[in-house]
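Written below as structure tokens is the structure these notes are about.
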Amino acid sequence: MDDHGTGVPAAPDFAVKPTLTGELTQLRPVTADDVPALLPMFRDAETARLTGDHATHDDASLQAWYASRGDQDDRLDLAIVERATGNVVGEAVLLDWDPGNESCAFRICSVPGAPGRGLGTEATRLIVGYGFETLGLHRVWLEVYAFNPRARRAYEKAGFVPEGVLRGALLWEGERVDAEVMSILAPEWFRHRGRPEAAARGRSAPGIL
């Protein structure tokens, strides 16, 4: 179905693994060779808290997981590469694909030290834009925990809109934490391309209707 008014075809599966290039980052298919660079992400206590990750990850299971990413046709796992250094600094993922409703979830995670340089925002725009403009998705959504306002602000900057709260969704060290659901819909994306503030300024400029 094409209800976006943009000529975008109906959503295919995720068998094609693209390389997406921005000014600061390049997103490419993640492989087992990226595990050493991503390992600090799985060993960092604060990253585990912010993502609500209760699991324990050993090297062998991580190697097997990332070695299998290229074979998945229902999700897209891309490594985030900082172009200035060539270093892998995280991953961006489209998952939980719902083909009947043309939607999927989004997650992004960075290795310690990578956030705060604009890399995550650009990576978000690249993969979410691919979801709408190439895969033909109608909705991309995510969850962010209440104790992670920095991530919430970053998602809003890329165009995600709050939808509601999942109360007590995470139990972390004896505390029950709410999760906020946020999303972007295709008409919103094609209006601002992941830059809602710039689009709003443009609409409010003198002489612009």
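Note that the numbering runs from 1 along the sequence shown for the chain.
- For the pair Leu76 and Pro18, the minimum side-chain heavy-atom distance is below 4.5 Å.
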- Task: Given side chain to side chain contact (heavy atoms under 4.5 Å, CB included), test Asn101 with His138 step by step and report yes or no.
- Result: CA-CA 8 Å; Asn101 293 309; His138 174 72; over 6 Å; no
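- Residues Val88 and Ala79 come closest through the heavy atom pair CG1-CB, 4.2 Å.
- Under the 4.5 Å side-chain heavy-atom criterion for ILVMFWY residues, a single connected hydrophobic cluster contains both Trp65 and Val35.
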- Please test Val16 against Thr134 for side chain to side chain contact (heavy atoms under 4.5 Å, CB included), starting from the C-alpha separation and ending with a verdict. CA-CA 11 Å; Val16 175; Thr134 300; over 6 Å; no
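- Annotation for Glu197: atom CD does not count as buried by contact number, only 12 or fewer foreign heavy atoms lying within 6.0 Å.
- Between Ser183 and Glu188, the shortest heavy-atom distance links the atoms O-OE1, 4.3 Å.
- Between Arg139 and Glu163 a salt bridge is recorded (basic side-chain N to carboxylate O distance below 4.0 Å).
- Both Tyr130 and Phe132 are part of a single hydrophobic cluster, where members link through side-chain heavy atoms under 4.5 Å apart.
- Within the 4.5 Å cutoff, no side-chain heavy atoms of Arg75 are placed close to those of Cys104.
- Nearest heavy-atom pair, Thr124 versus Phe160, reported as atom, atom and distance to 0.1 Å: CG2-CE1, 4.0 Å.
- At distances below 3.5 Å, at least one donor-acceptor pair connects side-chain atoms of Thr51 with backbone N or O atoms of Thr47.
- Remark: side-chain polar atoms of Thr25 are not paired, donor with acceptor, to backbone N or O of Gly22 under 3.5 angstrom.
- Side-chain N/O atoms of Glu180 and Tyr155 include no donor and acceptor closer than 3.5 Å.
- Considering only heavy atoms from C-beta on, Ile108 comes within 4.5 Å of Ile80 through its side chain.
- The shortest side-chain heavy-atom distance between Lys17 and Gln72 falls under the 4.5 Å cut-off.
- Leu38 approaches Val111 most closely through the heavy-atom pair CA-CG1, 4.2 Å.
- Contact between Ala32 and Gln63 at its shortest, heavy atoms only, is CB-OE1, 3.4 Å.
- Between Met182 and Glu156 there is a side-chain heavy-atom pair separated by less than 4.5 Å.
- Rounded to the nearest 0.5 Å, atoms CG (Leu78) and CD1 (Ile127) are 4.5 Å apart.
- Looking at Leu142 and Arg107, their side chains never come closer than 4.5 Å, going by heavy atoms from C-beta outward.
- Arg193 has a carboxylate O that lies under 4.0 Å from a charged side-chain N of Glu133, or vice versa, which qualifies the two as a salt bridge.
- No salt bridge links Glu122 with Arg125; every basic N to acidic carboxylate O contact stays at or beyond 4.0 Å.
- Hydrophobic clustering places Phe190 together with Val140 (ILVMFWY residues linked when any side-chain heavy atoms are closer than 4.5 Å, directly or through intermediates).
- The residues Asp34 and Arg28 are annotated as salt-bridged, a charged nitrogen and a carboxylate oxygen being separated by less than 4.0 angstrom.
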- Going through the checks in order, is the side chain to side chain contact (heavy atoms under 4.5 Å, CB included) test met by His54 and Trp172? CA-CA 8 Å; His54 291 293; Trp172 193 262; 3.3 Å; yes
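- Closest approach of Leu126 to Thr21, counting heavy atoms only: CD2-O, 3.9 Å.
- Contact annotation: the side chain of Arg69 never approaches that of Asp71 to less than 4.5 Å [non-hydrogen atoms, C-beta and beyond].
- The number of heavy-atom neighbours closer than 6.0 Å to NZ of Lys157, taken from other residues, nucleotides and ligands shown, is 12 or below.
- Val144 and Phe147 sit in two unconnected hydrophobic clusters of ILVMFWY residues. Membership requires side-chain heavy atoms under 4.5 Å apart, directly or through other members.
- Using a 4.5 Å cut-off between side-chain heavy atoms of Ile, Leu, Val, Met, Phe, Trp and Tyr, with links allowed through other members, Leu39 and Val89 fall into the same hydrophobic cluster.
- Considering only heavy atoms from C-beta on, Leu137 comes within 4.5 Å of Trp97 through its side chain.
- Here the straight-line distance linking atom OG of Ser103 with atom CG of Leu185 works out to 10.0 Å at 0.5 Å rounding.
- In this structure, CZ in Arg153 is found 11.5 Å from OG1 in Thr121, a value given to the nearest 0.5 Å.
- Salt bridge annotation for Glu23-Arg83: absent, with no cationic side-chain nitrogen under 4.0 angstrom from a carboxylate oxygen.
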- Message: As a quick check of understanding, evaluate side chain to side chain contact (heavy atoms under 4.5 Å, CB included) for Leu50 and Tyr145, giving each step before the final call.
- Response: CA-CA 7 Å; Leu50 294 176; Tyr145 293 115; over 6 Å; no
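- Under a 4.0 Å N-O distance rule, the pair Arg43/Asp59 qualifies as a salt bridge.
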